[in-house]
Amino acid sequence: MPIQSICCLGAGYVGGPTMAMIAAKCPGIQVTVADLNEQRIAAWNSETLPVYEPGLDAVVASAIGRNLHFTTDIRAAIAAADLIFVSVGTPTKSYGIGAGRAADLRYIEAAARLIAEVSEGNKIIVEKSTIPVKTATAIKSILAANSPNGATFQVLSNPEFLAEGTAIQDLESPDRILIGGEATQEGQAAVEALVSVYENWIPRERILTTNLWSSELSKLVANAFLAQRISSINSISALCEATGADVDEVARAIGMDSRIGSKFLKASVGFGGSCFQKDILNLVYLCDTFNLPHVAEYWRQVVHLNDWQKSRFVEKIVRTLYNTVNGKRIAILGFAFKKDTNDTRESAAIQVCRDLLHERAHLAIYDPRVDATTIQQDLAAAGVDPALIITNVEICSEPYAAVTGAHALATLTEWDEFRSLDLPHIHSLMLKPAFVFDGRAVLCMEDLVAQGFEAFVIGKGA
Ligand code: UDX
Ligand code: ADP
């Protein structure tokens with residue numbers, strides 16, 4: 001039976017854009033995105049979407065009200081659907097067994113229990129959230145044990161590979177779609193049903209089908225490999241600074257080797273985002289669980305290096321500002337974990353700002369897309385005393401306000417607008433010596449020096 005009605009549990013950064021694209025590309029399928037969070041659903045139904053993503057507004061506008069719906073009526077959405085995507089959050093566990101490493105699957109479990117309770121007939125359940133390997137087994141056993149109406153289920157894994165900031169492009173023309181299912185006849189029929197949804201706009205040869213575990217594991221491994229490349233180049237950024245080499249030149253030189261490739265070699269103050277650290281920690285936990293301590297340790301180093309990169313950036317600032325930032329105004333440009341998103345989850349800016357606040361700096365923070373409340377909440381969640389946030393954090397609505405009277409400026413997100421900042425004007429607004437710490441290499445070292453700044457750019461030797 002072709003899929004006529006899709007429901008997605010979770011209207012977040014993954015569920016919202018992904019379902020909007022499916023609805024836009026498949027006018028014959030009704031797509032309903034359901035979330036517990038009333039505010040989030042109201043925002044999806046408004047002019048101001050809860051997720052900032054270039055091109056998303058137009059995709060949503062093309063389908064909303066036609067075959068794309070956002071609702072808090074989760075039960076009705078489940079009941080009406082042939083196929084249910086589960087795209088709820090899977091944060092790292094902060095308590096108990098596996099704390100700080102394992103994924104917290106309580107939202108997945110709650111979603112599975114609700115699906116079991118409400119469903120009738122045959123339904124296909126699709127894991128979209130990043131999850132540890134073998135979660136499908138857990139979902140299956142919950143569904144099988146809790147279905148009062150005798151519903152039957154096929155569970156598929158269909159990990160999402162979109163990156164924030166380029167989500168629309170990634171959804172429109174993905175490198176590949178991965179679908180894992182069981183080898184049974186029913187399992188394969190479910191796989192084919194989902195394949196036919198994607199075939200509305202994606203060539204069949206880019207749709208890979210595997211068994212469930214390969215699909216689940218591939219998602220973790222893809223993110224681990226990507227994060228590993230960043231930690232590798234970041235480790236080299238420190239060596240470049242020490243030796244006088246330029247990390248961008250090194251990245252270009254090695255990237256032209258087609259076996260290495262040029263992407264994901266941009267040195268930075270550290271990777272962030274909701275996936276990389278979480279997925280590596282999941283992988284580490286998995287390896288520990290299967291008694292593979294050497295493999296676990298290998299991947300753990302990718303996260304350690306990332307933490308070190310963030311702390312050495314803070315140390316660089318403190319040491320350069322004559323070993324104290326106490327009472328000094330530092331302009332922070334960029335708070336999102338990367339450009340073109342309003343998402344701050346695991347952003348390097350959080351740790352950098354926290355550590356500077358613990359040194360008693362005064363921060364003037366500007367980000368073009370992140371709102372003040374999010375910044376304040378992130379800092380509080382990172383352990384900064386709320387009283388210190390009130391006294392020592394100012395949120396600015398433009399970069400020049402942030403740098404006015406500042407001892408130093410630090411760029412922490414690679415927003416395009418930072419590349420064309422008026423450097424002479426900034427220099428005139430800052431205290432002297434005017435220090436710049438560019439954690440994203442968005443500013444040109446030669447220009448900075450020419451304008452009279454004391455400049456540090458990540459990965460550039462003096
Ligand atoms: C990532 C994966 O790319 C995506 O496939 C998966 O579905 C989810 O996780 P995302 O976290 O949205 O996507 O963004 P990504 O572009 O991968 O960037 C992650 C972090 O790495 C950002 O903080 C970014 O600034 C940083 N980064 C990326 C670098 O520091 N250098 C690079 O060369 C690339
Ligand atoms: P992601 O980046 O993976 O999309 P988010 O945290 O942005 O993660 O979104 C996950 C969403 O899932 C949140 O909006 C949350 O309210 C929602 N959610 C959690 N549990 C359920 C559930 N049982 N049913 C529907 N939505 C849920």
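As the structure lists them, so they are numbered: ligands from 1, and atoms in each ligand from 1.
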query = Of the protein's non-hydrogen atoms, which lies at the shortest distance from atom 12 (O) of ligand 1, and what is that distance?
reply = E164 N, 2.7 Å
inquiry  = Taking distance alone, with N or O pairs closer than 3.5 Å, would you say R440 contacts ligand 1?
reply    = yes
remark   = of all protein heavy atoms, closest to atom 8 (O) of ligand 2 is R345 NH1, 3.5 Å
ask   = Can K219 and E127 be said to form a salt bridge (charged side-chain N to carboxylate O under 4.0 Å, His left out), step by step?
value = CA-CA 11 Å; K219 170 68 183 182; E127 303 171 333; over 6 Å; no
task = Quick one: look up the protein heavy atom nearest atom 3 (O) of ligand 2 and list residue, atom name and how far away it is.
result = V14 CG2, 3.9 Å
query = Checking side-chain hydrogen bond (donor to acceptor under 3.5 Å, both in side chains) for the pair N234/S237: CA distance, chi angles, key distance, verdict?
reply = CA-CA 5 Å; N234 282 346; S237 74; 4.5 Å; no
message = Considering non-hydrogen atoms of the protein only, which is the closest contact for atom 10 (C) of ligand 2, and what is the distance?
response = G89 N, 3.4 Å
ask   = Of the listed options (A34, G12, P91, A110), which comes nearest to atom 25 (C) of ligand 2 when hydrogens are ignored and any heavy atom counts?
value = A34
key: K219 contact mode with ligand 1 (heavy-atom cut-off under 4.0 Å)   = side chain
task = Check for a donor-acceptor pair, side chain of N158 on one end and backbone N or O of K128 on the other, with a separation under 3.5 Å.
result = no
task = Please determine if E117 and R75 form a salt bridge, counting it only when a charged side-chain N lies under 4.0 Å from a carboxylate O.
result = yes
key: Audit row: K339, D416, salt bridge (charged side-chain N to carboxylate O under 4.0 Å, His left out) steps and yes/no   = CA-CA 8 Å; K339 72 171 181 177; D416 287 336; 3.1 Å; yes
Nitrogen or oxygen of F161 less than 3.5 angstrom from that of ligand 1 = yes
ask   = Any N/O of L162 closer than 3.5 Å to an N/O of ligand 1?
value = yes
task = Under 4.0 Å from a heavy atom of L265: give me the atoms of ligand 1 that qualify, with their elements.
result = 33 (O)
Top protein contact for atom 13 (C) of ligand 2, by heavy-atom distance = R40 NH1, 3.3 Å
inquiry  = Checking a contact table here: which protein heavy atom is nearest atom 23 (O) of ligand 1, and how many Å away?
reply    = F337 O, 2.7 Å
task = Before giving the answer on salt bridge (charged side-chain N to carboxylate O under 4.0 Å, His left out), spell out for E172 and K25 the whole-Å C-alpha distance, their side-chain angles and the decisive distance to 0.1 Å.
result = CA-CA 9 Å; E172 185 131 35; K25 298 291 185 186; 2.6 Å; yes
task = Might you work through the salt bridge (charged side-chain N to carboxylate O under 4.0 Å, His left out) test for R312 and E241, ending with a clear yes or no?
result = CA-CA 12 Å; R312 87 179 177 90; E241 289 157 26; 2.6 Å; yes
request  = Could you say whether the N/O atoms of G273 and ligand 1 ever approach to under 3.5 Å?
outcome  = no
note = Looking only at protein heavy atoms, what sits closest to atom 1 (C) of ligand 1 is F276 CE2, 3.4 Å
query = For atom 2 (C) of ligand 1, what's the nearest protein heavy atom and its distance?
reply = N223 OD1, 3.5 Å
Option with minimal heavy-atom separation from atom 28 (C) of ligand 1, where the choices are L226, D343, I230 = I230
query = Relative to ligand 1, is K278 under 4.0 angstrom through side chain, backbone, both or neither, heavy atoms considered?
reply = neither
note = Of A251, A222, G272, S347, the one whose closest heavy atom lies nearest atom 20 (C) of ligand 1 is G272
request  = Look at D248 together with K460 and state whether they make a salt bridge at an N to O cut-off of under 4.0 Å.
outcome  = yes
remark   = Any heavy atom of C275 under 4.0 Å from ligand 1? The part involved is side chain
ask   = Do any nitrogen or oxygen atoms of S274 come within less than 3.5 Å of a nitrogen or oxygen of ligand 2?
value = no
ask   = Any heavy atom of S87 sitting closer than 4.0 Å to ligand 2?
value = yes
ask   = Which atoms form the tightest heavy-atom contact between T32 and A77, and what is the distance?
value = CG2-CB, 3.9 Å
inquiry  = Suppose we measure from atom 27 (C) of ligand 2 to each protein heavy atom; which comes out shortest, and what is that distance?
reply    = V88 CG1, 3.5 Å
inquiry  = Donor-acceptor pair, distance only, cut-off 3.5 Å: does the side chain of K266 make one with the backbone of A251?
reply    = no
ask   = Considering only heavy atoms, does D170 approach ligand 1 within less than 4.0 Å through its side chain, its backbone, both, or neither?
value = neither
ask   = Backbone, side chain, both or neither: what part of K263 comes under 4.0 angstrom of ligand 1, heavy atoms only?
value = neither
task = Would you mind checking which non-hydrogen protein atom is closest to atom 31 (N) of ligand 1, with the distance to 0.1 Å?
result = K266 O, 2.8 Å
ask   = Side-chain contact, heavy-atom cut-off 4.5 Å: V59 with L171?
value = no
query = What's the shortest distance from atom 18 (O) of ligand 1 to any protein heavy atom, and which residue and atom give it?
reply = K338 CD, 4.0 Å
request  = Starting from atom 30 (O) of ligand 1, locate the nearest protein heavy atom and write down its residue, its atom name and how far away it is, to 0.1 Å.
outcome  = S268 OG, 2.6 Å
remark   = The protein heavy atom nearest to atom 24 (N) of ligand 2 is I74 CD1, 3.7 Å
key: Note: K310-D355 ion pair, threshold 4.0 Å (strictly below)   = no
ask   = Quick check: does any side chain N or O of T344 sit under 3.5 Å from a backbone N or O of V370, one acting as donor and the other as acceptor?
value = no
ask   = Under 3.5 Å, side chain of D104 to main-chain N/O of T92, donor-acceptor pair present?
value = no
message = Please compare A111, G10, A77 and report which has the shortest non-hydrogen distance to atom 12 (O) of ligand 2.
response = G10
key: Lys/Arg N to Asp/Glu carboxylate O, D288 vs R101, below 4.0 Å   = yes
key: Geometric N/O contact Y13 with ligand 2, under 3.5 angstrom   = yes
query = Under 3.5 Å, side chain of Q154 to main-chain N/O of A190, donor-acceptor pair present?
reply = no
Residues E297 and R300 bridged, charged N to O under 4.0 Å = yes
query = What's the shortest distance from atom 15 (C) of ligand 2 to any protein heavy atom, and which residue and atom give it?
reply = D35 OD1, 3.5 Å
